[in-house]
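Working notes, structure below.
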Amino acid sequence: MYARFLISALFAGAAAGLIAALLQLWFLQPIMLHAELYEGGDLVHFGADKAATVTPELPGFNPVRDGLSLVFSMLTYSGYALIMLAAMGIAEDRGAQINGRTGILWGIAGFVSFHLAPGFSLAPELPGVSAADITARQIWWFATAAAAAAAMWLIAFGKGWSMWGLAAILLLAPHVIGAPEPDIFTGPVPTELAALFAARALGLGLVAWTLVGAFAGYFWQREGAHAEATARAGN
Amino acid sequence: MTTTTQTRSALRFVPALFAAALGIAVISLTGHVQAAALHDAAHDVRHATGFPCH
C-alpha cells in the first residue's frame with residue numbers, strides 16, 4: 001500500500017511537474033526576467049526621463065537556473081500528488097471511484113485549494129513587488145489552503161445544506177479576515193507585467209493541477225490493478 | 001465481516017496519513033523554507049506556483 005501511494009505520486013508529480021515547468025519556462029519566465037530588470041534598477045518605470053521599452057533584451061535560457069526550475073517543479077507537484085492521493089485513497093475506501101477521468105475533477109479541486117483560493121487574496125507575485133512579512137503570509141497561505149481543501153471535500157462528499165454551508169464559510173472566511181498586506185506599495189514593476197504574470201500563473205496552475213489529478217488517478221488505478229493481478233497469480 | 005472491513009480501512013488509512021505527511025513535508029521544503037540555497041534554487045517555481053516568496 002505504501003508503494004502504491006509513492007509510485008503513483010512520483011509518476012504523476014514528475015510527469016505533471018515536467019509539463020508545468022516547460023510551460024512555465026515558455027510563458028512565465030520571460031515576464032519574471034523582465035520584472036527583474038525593474039527589480040534590479042536596470043529599467044525604471046516611474047520618474048524616468050525616457051519611458052522604458054516594453055521589449056527589452058532579456059537574458060536567455062540559463063541551464064542551472066532553469067534546470068533547477070524543472071527539478072523543483074517536479075518535486076512540488078509530486079508533493080501535491082502525495083497529498084491528493086492520500087485523500088483519493090480514503091475516498092476510495094468510502095466508495096468513490098478513482099481513475100484518470102475522475103482524477104480531472106480532483107485536480108481542479110486541488111487547484112482551487114492550493115492555488116486559486118490562496119491566490120484570490122495573495123495574488124501570484126512577480127519578483128520585486130512589495131508584500132507583507134513572509135512568515136505571516138505563509139501562515140495565511142497554509143490556513144487558507146487547508147480550509148479550501150476541507151471545503152472541497154465537503155462539497156464533493158458532504159450531504160445536505162449544512163455541509164455545503166460550512167464549505168462556503170470555509171472558502172470565504174480567510175478572505176473576509178484578509179491576507180497580510182504591505183504597509184505601503186513600493187514595487188518598481190509595471191502593473192501591466194504583474195497582471196499578465198498573475199493571470200498566466202493561475203492559468204498554468206489550472207493546467208498543471210488538472211494533469212496531476214488525471215495522472216494520479218490513472219496511476220493509482222493501474223497500480224491497484226497490477227497489485228490485484230499479482231495477488232491472484234500468487235494464489 | 002466487520003473485522004475484515006476495519007482491517008482493510010486501517011491498512012489504507014495509515015499509508016494515506018503517511019503519504020499526506022510526506023506530501024506536506026515536500027511542499028514545505030520546495031515552497032516555504034526560507035534557507036537561502038533552497039530559496040534561490042526554487043525561486044522561479046515558487047513564484048510560478050503562487051507560493052509566498054521573499
Side-chain angles (χ1 to χ4, degrees), chain A residues 1-2 4-6 9 13 17 20-21 24-25 28-29 32 65-66 68-69 71-73 75-90 92-93 114-116 118-119 122-127 131-132 134-138 140-142 180 197-198 200-202 204-205 208, chain B:
Chain A
M1 192 50 70
Y2 288 95
R4 189 177 175 192
F5 276 107
L6 286 176
Q24 175 199 322
L25 292 180
L28 288 177
Q29 202 71 15
M32 268 192 277
R65 179 174 179 171
D66 295 342
L68 280 169
S69 285
V71 172
F72 274 88
S73 178
L75 270 175
T76 299
Y77 282 102
S78 298
Y80 278 146
L82 276 167
I83 298 171
M84 181 160 38
L85 278 159
M88 281 174 158
I90 292 168
E92 197 182 52
D93 256 1
F114 289 96
H115 208 155
L116 185 63
L122 278 183
E125 303 160 10
L126 266 179
I134 177 74
T135 313
R137 279 182 296 143
Q138 287 180 334
W140 189 89
W141 188 96
F142 268 113
F197 182 81
R200 282 193 172 176
L202 287 171
L204 290 189
Chain B
M1 190 63 201
T2 326
T3 340
T4 335
T5 326
Q6 274 176 354
T7 324
R8 267 198 58 205
S9 287
L11 270 176
R12 177 67 59 83
F13 192 73
V14 175
L17 215 61
F18 162 77
L22 187 63
I24 291 167
V26 171
I27 298 305
S28 305
L29 204 67
T30 61
H32 296 275
V33 174
Q34 287 298 308
L38 259 180
H39 169 273
D40 293 349
H43 177 267
D44 295 351
V45 173
R46 288 186 180 190
H47 278 282
T49 39
F51 289 121
C53 205
H54 301 287

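This is a predicted model, so every value here is computed, not measured.
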Minimum heavy-atom distance between [X] and [Y], given as atom pair plus value:
X        : Y        : result
B:Pro52  : A:Leu122 : CG-CD1, 4.3 Å
A:Met32  : B:Asp44  : CE-O, 3.7 Å
A:Ser73  : B:Val45  : N-CG2, 3.8 Å
A:Pro127 : B:His43  : CG-CE1, 3.9 Å

- Message: Between B:Arg12 and A:Phe5, is there a side-chain heavy-atom distance shorter than 4.5 Å?
- Response: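 With C-beta onward as the side chain, the pair touches.
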- Any B:Pro15 side-chain heavy atom under 4.5 Å of A:Arg4 side chain: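 Not touching, per the 4.5 Å side-chain cut-off.
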- Task: With a 4.5 Å heavy-atom cut-off (strictly below), which parts of residues 21-28 of chain B touch chain A? List them by number.
- Result: B:Leu22, B:Gly23, B:Ile24, B:Val26, B:Ile27, B:Ser28
- Message: Quick check: A:Tyr2 with B:Phe18 (ring centres under 6.0 Å apart)?
- Response: yes
- Counting heavy-atom pairs under 4.5 angstrom with chain B, the leader among A:Trp140, A:Trp141, A:Tyr77 is A:Trp141
- Query: So which of A:Glu92, A:Met88, A:His115, A:Arg200 has the largest heavy-atom pair count under 4.5 angstrom toward chain B?
  - Reply: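 Most heavy-atom pairs within the cutoff with chain B belong to A:His115.
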- A:Leu28 side, atom CG; B:Thr49 side, atom OG1 - distance, nearest 0.5 Å: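 A:Leu28 atom CG to B:Thr49 atom OG1 measures 10.0 Å (nearest 0.5 Å).
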- Pairwise distance CZ(A:Phe72) to CG(B:Leu29) - rounded to 0.5 angstrom: 7.0 Å
With only heavy atoms counted, which part of [X] is less than 4.5 Å from chain B, the side chain, the backbone, both or neither?
X        : value
A:Glu125 : both
A:Ile134 : both
A:Leu126 : backbone

- Message: Enumerate the salt bridge (charged side-chain N to carboxylate O under 4.0 Å, His left out) contacts for residues 14-36 of chain B, please, sequence neighbours excluded, ordered by first and then second residue.
- Response: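 Non-adjacent pairs meeting salt bridge (charged side-chain N to carboxylate O under 4.0 Å, His left out): zero.
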Would you list the atom pairs, donor with acceptor, under 3.5 Å between side chains in residues 32-41 of chain B and any protein atom, with sequence neighbours excluded?
from	atom 1	to	atom 2	distance (Å)
B:Gln34	NE2	B:His32	O	3.4

- Counterpart residues, ring-ring contact (aromatic ring centres under 6.0 Å, His included), relative to A:Phe114 (two or more places apart): A:Tyr80, A:Trp209
- Note on the structure: Given B:Ala20, B:Gly50, B:Ala48, the one with more heavy-atom pairs under 4.5 angstrom with chain A than any other is B:Ala48
